[in-house]
Amino acid sequence: MDATRPTEVPVPEPDLKPEEMIARARALRSMVREEAEAAERRGYYSEALHNEFVKAGFYRCLQPRRFGGYEFSIRTFFKTIVEIASGDPGIGWCLCLASGHALQIGSNFSEAAQAKIFGADGHFIAPYSPSGPSPDAECAAVPGGYRVKGKWRYASGVPYATHFMGMAPLKGSHPGGPTRKMVSIVVPRDQFEMLDDWHDMFGLKGSGSNSVVITDGFIPEDFVDETIFGDDGTGHMPGAKVHGNPMYNGIFMGFAPGELACSQVGAAWAALEEFEKHIRTTKPLLSAQAIFKYQHHDWQRIFGLALSMTHSAEAILLRSAELYVEYARGRTDGTGQFTGKEAMLLMGMQHQASRIAWEAGYDLFRASSTVSIRDGQPMQRFFRDFATFRNNPVHQPDFAATLIAQAYFGLPMQDFDF
């Protein structure tokens with residue numbers, strides 16, 4: 001190895017296969033389900049479950065192999081998270097947002113910065129909060145690096161984080177104005193505080209979406225990046241050159257909505273499983289036939305539609321993961337492109353996966369009995385998780401539709417800046 005290059009980090013299980021990681025997630029579903037109520041009360045999953053996730057290698061799924069990761073595909077990552085989210089959507093959300101941003105470190109940062117961020121043992125966990133920095137948040141250049149401060153809400157995945165990633169205004173670009181330049185920052189754990197403020201939401205209470213406060217942090221120059229939200233889709237990202245893998249040559253907004261769609265597809269599978277238990281053991285009140293609900297055409301129709309829709313939602317989500325890499329490969333070898341147009345199309349697909357999952361979940365909820373939606377019942381929790389995400393303004397399919405059309409026709413995207 002070239003002595004001037006950063007030292008490579010050993011991979012914990014060099015021969016681990018993608019299908020084995022997915023199988024590990026499936027095997028942990030029962031433990032995840034058992035943890036759900038306690039995770040809601042706490043606001044995130046337990047240290048015991050976190051340790052299981054560490055042992056399973058989930059946090060390293062998208063991390064470059066050079067720096068201790070498995071460098072598995074985005075499809076493998078999405079499928080792994082769907083399996084965990086089918087145990088509990090909030091826990092799946094927290095794990096996903098804690099582990100997924102290794103992709104952005106591996107894509108957008110220099111080799112030297114990656115070596116420092118992933119560290120000597122390759123253990124890296126970080127949320128990414130692109131919205132909601134406090135008005136006083138800033139990233140200010142000083143000798144040798146940057147001073148950062150501010151408060152960020154919704155830092156999903158932060159409870160066991162080794163780093164915090166977020167957007168911050170670059171001080172001095174356009175003081176006080178709405179067009180100040182925004183950069184992405186990477187801040188080590190000893191430089192920020194996690195607030196215990198994730199308890200009053202309607203659903204997704206176990207998602208670990210706590211706020212982060214940085215009072216007076218200092219980070220090196222190469223821990224600041226302008227391309228996660230500023231990539232124009234041309235040329236090679238640093239990671240594509242370092243790792244020789246086109247997966248590290250994509251655009252964040254073609255990936256980020258898929259992270260969250262994983263929780264919604266998982267929630268649909270979870271609701272379907274709970275609904276099946278219900279209709280196999282209860283009888284219709286108004287039927288003259290002495291049969292169980294699963295033998296009655298009304299509940300068969302609900303189940304059949306939800307089963308088909310959930311399969312469809314997952315298929316769309318996984319196909320978007322494959323397209324991400326196909327677009328990135330075309331950008332890398334010059335046979336195609338990965339611009340805002342492609343990123344918005346992927347976002348639209350991922351939004352549709354969430355929408356189909358919502359519709360399946362809502363039908364399962366309304367066809368369940370009152371007993372199955374009482375406090376403490378899984379179906380109630382799944383409904384609250386669906387409804388909370390359905391309320392998220394960033395993940396409204398019709399809001400994004402205009403941007404998708406603008407990108408397709410080559411028009412300025414009026415409400416979004418790549």
Side-chain angles (χ1 to χ4, degrees), residues 22 25-26 28-29 32-33 35-36 39-40 43-45 49 53 58-59 61-62 74-101 103 127-129 154-159 198 201-210 255-274 306 309-318 320-321 346-347 349-362 364-365 378-397:
I22 295 168
R26 191 174 299 119
L28 282 170
R29 287 177 67 253
V32 170
R33 183 69 59 84
E35 281 239 356
E40 279 211 322
Y44 52 91
Y45 49 80
L49 188 56
F53 292 164
F58 298 154
Y59 295 112
C61 183
L62 294 177
I74 297 173
R75 189 186 195 281
T76 296
F77 178 69
F78 281 176
K79 181 63 177 173
T80 297
I81 299 299
V82 166
E83 292 290 348
I84 294 296
S86 68
D88 180 70
I91 290 175
W93 180 298
C94 189
L95 172 63
C96 186
L97 276 292
S99 53
H101 305 119
L103 180 67
Y128 184 84
S129 180
Y154 312 125
S156 301
V158 72
W198 188 247
M201 294 298 291
F202 181 62
L204 291 169
K205 293 185 176 186
S207 65
S209 301
N210 303 62
F255 168 76
E259 291 183 280
L260 305 185
C262 289
S263 76
Q264 300 304 283
V265 174
W269 283 121
L272 194 68
E273 178 184 337
E274 194 64 24
M309 293 167 74
T310 304
H311 271 291
S312 298
E314 181 172 316
I316 292 169
L317 175 64
L318 297 182
S320 78
L346 293 174
M347 173 194 278
M349 291 177 65
Q350 292 155 0
H351 281 178
Q352 291 304 316
S354 293
R355 180 186 63 79
I356 294 169
W358 294 332
E359 291 181 5
Y362 288 173
L364 294 167
F365 175 83
M379 186 63 84
Q380 187 211 81
R381 184 169 59 253
F382 303 148
F383 175 78
R384 289 190 285 103
D385 291 345
F386 277 124
T388 299
F389 189 37
R390 190 69 178 91
N391 180 252
N392 188 317
V394 178
H395 297 279
Q396 302 294 330

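Numbers here simply count residues along the sequence, with the first being 1. Quick note: numbers below take in every heavy atom, side chains included, and nothing from hydrogens, waters or symmetry partners.
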Is R29 paired with E273 through a side-chain N to carboxylate O contact shorter than 4.0 Å?
yes
With under 30° as parallel and over 60° as perpendicular, where do the rings of Y362 and F383 fit, or are they tilted in between?
tilted
Do R381 and R384 pass the side chain to side chain contact (heavy atoms under 4.5 Å, CB included) test, and can you show the C-alpha distance, the side-chain angles, and the key distance before you say yes or no?
CA-CA 5 Å; R381 184 169 59 253; R384 289 190 285 103; 3.9 Å; yes
C61/T76 under side chain to side chain contact (heavy atoms under 4.5 Å, CB included): CA gap, chis, key distance, verdict:
CA-CA 8 Å; C61 183; T76 296; 4.2 Å; yes
Parallel, tilted or perpendicular, as decided by the 30° and 60° cut-offs, for the rings of F53 and Y45
perpendicular
Donor-acceptor pair, R355 side chain versus A313 backbone, under 3.5 Å?
no
Run the numbers on N391 and F202 for side chain to side chain contact (heavy atoms under 4.5 Å, CB included), then give the verdict.
CA-CA 10 Å; N391 180 252; F202 181 62; over 6 Å; no
Value for OG (S207) from CH2 (W198), rounded to nearest 0.5 Å, stands at 4.5 Å
Distance from Y44 atom OH to E35 atom CD, nearest 0.5 Å?
11.5 Å
What one should report as the nearest heavy-atom pair of R33 and A270 is NH2-CB, 3.8 Å
Check whether any side-chain heavy atom of L260 lies under 4.5 Å from a side-chain heavy atom of W93, and answer yes or no.
yes
Do P127 and Y154 have side chains that approach each other closer than 4.5 Å (heavy atoms only, starting at C-beta)?
no
Over 60° means perpendicular and under 30° means parallel, so classify the ring planes of H311 and W269, tilted if in between.
perpendicular
Over all heavy atoms of both residues, which pair between N392 and V394 is shortest? Give the atoms and the distance, please.
OD1-N, 2.9 Å
Gap separating the CG atom of L95 from the OG atom of S263, nearest 0.5 angstrom:
11.5 Å
Working to the nearest 0.5 angstrom, can you tell me the gap between I22 CD1 and R75 CZ?
7.0 Å
Supply the atom-to-atom distance K205 NZ to C94 SG, rounded to the nearest 0.5 angstrom.
16.0 Å
Just do the side chain to side chain contact (heavy atoms under 4.5 Å, CB included) check on L62 and S99 with the steps written out, would you?
CA-CA 8 Å; L62 294 177; S99 53; over 6 Å; no
Checking the side chain of E83 only, and the main-chain atoms of R26 only, is there a donor and an acceptor separated by less than 3.5 Å?
no
With a 4.5 Å cut-off on side-chain heavy atoms, are R390 and H395 touching?
no
Tell me the closest heavy-atom pair linking G258 and Q350, and the distance in Å.
N-OE1, 2.9 Å
Could you tell me the separation between the CG atom of L204 and the CD atom of E40, rounded to the nearest 0.5 Å?
9.0 Å
Provide the closest heavy-atom pair for F78 versus C262 in the form atom of the first, atom of the second, distance.
CD2-SG, 3.5 Å
Shortest non-hydrogen separation from T310 to A360 and the atoms involved:
OG1-CB, 3.8 Å
Apply side-chain hydrogen bond (donor to acceptor under 3.5 Å, both in side chains) to D385 and list each qualifying residue two or more places apart in sequence or on a separate chain.
none
Using every non-hydrogen atom in the two residues, find where F386 and A271 come nearest and quote the distance to one decimal.
CE1-CB, 4.3 Å
